[in-house]
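Atom set for the values below is all heavy atoms of this structure, side chains included, hydrogens, waters and symmetry mates excluded. For this chain, numbers begin at 1 and follow the sequence in order.
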Amino acid sequence: MTAATHSTLFPQVPDSADAVLDGLDPEQREVATALHGPVCVLAGAGTGKTRAITHRIAYGVRAGILHPSSVLAVTFTNRAAGEMRGRLRQLGAGGVQARTFHSAALRQLQYFWPKAIGGSMPRLVDRKIQLVADAAAACRIRLDRGELRDVTAEIEWSKVTQTVPADYAPAAAKAGRETPRDPAEIAQIYSAYEDVKRERAVIDFEDVLLLTVAVLQDRHDIAEQVRAQYQHFVVDEYQDVSPLQQRLLELWLGDRDSLCVVGDASQTIYSFTGATPDHLLDFRARHPGATVVKLVRDYRSTPQVVHLANGLLAQAKGRAADHRLELVSQRAPGPEPVYTEYTDEPAEAEGAARRIRELIDSGVPASEIAILFRTNAQSETYEQALADAGVPYQLRGAERFFDRPEVRKAGVALRGAARFGGNDSLLDDAVDLPSQVRAVLSGEGWTPQPPGSGAVRERWESLAALVNLAQDFAAAKPGATLADLVAELDERANAQHAPTVQGVTLASLHSAKGLEWDVVFLVGVAEGMMPITYAKTDEQIEEERRLLYVGVTRARERLHISWSLSRSPGGRPNRRPSRFLDGLRPGSTGTTGRTAAGSTGGIERGIPGTRRSAPRRVQRTPARCRVCGRTLTDAGEMKLMRCDDCPSDMNESLYERLREWRADQARRSGQPAFCVFTDRTLMAIAETTPDDEHELARIPGVGMRKLNRYGADVLAICAGQFVGGGTDQD
């Protein structure tokens with residue numbers, strides 16, 4: 001199992017900025033040298049997008065155009081962020097921040113919390129499912145394990161789409177979501193979940209983004225401090241951003257356009273989490289001056305695999321299909337994809353295991369083979385079949401490599417040997433780094449020959465992966481010591497960049513994204529599983545097609561596609577191959593889908609001098625105190641439009657009513673009170689007592705979103721009315 005672009009494990013650092021560009025194709029080079037203004041990279045599967053954007057950052061840094069500490073590269077997984085940091089170090093661009101959205105936001109929130117909010121930041125919970133269970137119990141709603149997982153997913157979707165509990169039911173209906181329980185019940189659990197978090201003084205991962213957005217929106221001084229730090233942004237997998245992540249990105253950017261985004265609408269497979277390709281597809285509309293570069297040269301897969309992938313998308317419909325990329329393989333021809341029909345699922349699993357056994361016996365490494373399926377429930381049948389065939393395997397998405405007990409113990413042993421190796425008799429005969437590692441790990445259970453199977457074999461595979469890594473490390477860095485290797489392992493552990501384990505990978509199609517293997521077995525490709533039964537709408541069907549496309553493009557050389565006619569032996573053979581294979585597999589008839597060619601590679605330059613289509617910010621005159629006339633620079637004073645020391649004409653009674661209303665709104669929406677309006681904004685409202693929306697909108701801290709949501713209530717309170725009707729007689 002490797003990352004999505006082949007490269008040497010430990011390459012030499014380029015000796016100059018120009019050397020960073022060596023080996024890039026014309027489109028990748030265009031990405032690397034387009035360092036000014038907005039840039040959109042549409043990158044097909046296997047086209048080297050990570051290579052292009054890391055070389056872009058490295059070239060900018062090495063050429064002195066970008067300062068490393070001013071660049072923030074964001075992606076979606078810790079593994080991808082760790083890989084990006086590793087590549088940048090190898091290119092001589094250390095010091096660049098490469099993080100996930102959540103990691104970058106959490107770092108900023110922790111730093112600014114004392115200044116923005118005060119006190120200690122609430123504890124961040126890793127898993128919310130127990131909190132959701134407690135919330136459901138508080139509502140006296142019983143959820144089984146599957147419902148609990150699904151309701152948790154609905155809460156996560158609500159938060160990343162900025163949907164509060166009161167708005168969940170209509171929002172879910174509008175989005176066409178198949179809700180696991182009655183929407184009113186889910187909204188009730190969602191509201192109780194927010195109450196439980198508040199009572200226990202904890203926040204979840206979505207809160208990290210929501211709170212960071214709130215701080216940057218309401219505290220202009222903090223927003224400007226962040227923008228002064230980060231002046232150049234790169235976003236990988238841009239087709240997967242949620243509305244909340246897009247809002248955070250906009251706040252980081254401010255009114256600047258030093259942004260490079262990379263994505264492929266045809267690989268949008270996480271819409272159920274709130275991800276949408278619209279931000280990628282609308283990028284040129286928002287930034288008419290953007291340079292758009294299309295990467296279509298596929299360096300990963302053979303022409304036969306690429307032909308099937310293109311064929312799948314040729315039948316696609318919808319907006320993402322309108323922007324599909326026609327891949328062009330750069331590899332030598334290979335075998336045609338193999339299609340196999342089985343009588344039942346156990347026979348399909350045994351057939352896959354038998355072929356894999358033959359491949360391994362012929363010299364194909366087990367780590368270069370994967371079995372990919374639509375749902376995790378399919379895994380067990382294949383685990384059993386591989387075990388019966390004596391084939392080692394690993395589960396993608398199972399326990400992290402560096403969290404395994406044997407790996408932690410091995411790390412302790414290697415660290416001790418690096419410190420006190422001179423007194424260790426085990427190392428007396430070890431002449432180089434690999435032999436030192438083998439000697440140390442022999443005390444932990446590593447042997448030159450692998451043991452049989454089961455847990456003992458799994459532990460051995462972990463230790464063998466460390467031995468192999470040591471050999472690669474020593475070959476790339478002659479003279480490296482045990483201490484150097486320990487430092488490399490620590491770095492990889494922090495980035496969750498695991499070495500290769502010698503076993504066949506079992507993974508769901510969703511978890512396989514971003515990975516690749518020499519041989520891929522796509523199993524269970526039948527109606528009801530691909531597309532999945534609950535995919536009803538055209539949009540859901542098209543996402544299932546894209547999911548199969550992602551699976552096909554994981555294969556470098558050989559692709560096996562199979563399905564079974566029944567679930568169990570002796571069952572009714574009423575299944576049929578997936579409709580997505582119609583017209584593509586031998587003997588099948590075509591569909592009526594579109595067959596027009598997709599986009600070819602190339603470069604589209606924006607209109608010179610044109611920036612985003614949204615209105616530019618008006619150059620503001622300096623803010624002055626409305627009492628003494630002094631120029632204001634403090635964000636809090638600017639919000640009040642007066643110096644803190646100048647006398648206030650605030651309506652104290654109005655201020656208290658606004659605070660009571662805000663507390664009620666915060667309770668209803670499950671947000672901290674300052675996310676509705678900060679104290680300063682309420683004070684400004686109570687001082688100016690606006691009569692209409694125009695006056696209210698002029699108060700700093702009242703943007704269009706809050707004006708639309710809260711404006712009517714605030715104006716009613718300012719007019720002396722109860723929000724629920726009646727008139728205040730004070």
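In the model, Tyr549 has no side-chain atom that pairs as donor or acceptor with a side-chain atom of Glu544 under 3.5 Å. Judged by distance alone, the side chains of Ser562 and Glu348 do bring a donor and an acceptor atom under 3.5 Å apart. With hydrogens and angles left out, the side-chain atoms of Gln239 and Glu237 include a donor and acceptor closer than 3.5 Å.
More than 12 heavy atoms of other residues, nucleotides or ligands shown are found within 6.0 angstrom of NE2 on His510. In the displayed structure, Arg567 atom CZ is contacted under 6.0 Å by at most 12 heavy atoms of other residues, nucleotides or ligands.
Side-chain rings of Phe283 and His287 approach one another, their centers coming within less than 6.0 Å.
Arg585 pairs in a side chain to side chain contact (heavy atoms under 4.5 Å, CB included) with only one of the listed residues (Ser578, Pro577, Pro337), which is Pro577.
With sequence neighbours excluded, the residues that form a side chain to side chain donor-acceptor pair (under 3.5 Å) with Thr375 are Gln378. The salt bridge (Lys or Arg N to Asp or Glu O under 4.0 Å) test applied to Arg575 returns Glu345, not counting sequence neighbours. With sequence neighbours excluded, the residues forming a side chain to side chain donor-acceptor pair (under 3.5 Å) with His232 are Arg56, Ser258, listed by chain and number.
Thr54 OG1 to Leu91 CG: the interatomic distance, rounded to the nearest 0.5 Å, is 5.5 Å.
Remark: side-chain polar atoms of Arg576 are not paired, donor with acceptor, to backbone N or O of Ala526 under 3.5 angstrom.
Within the 4.5 Å cutoff, no side-chain heavy atoms of Thr268 are placed close to those of Leu280.
Taking the six-membered ring where the residue is Trp, His560 and Phe521 present parallel rings, their angle staying beneath 30° rather than reaching 60°.
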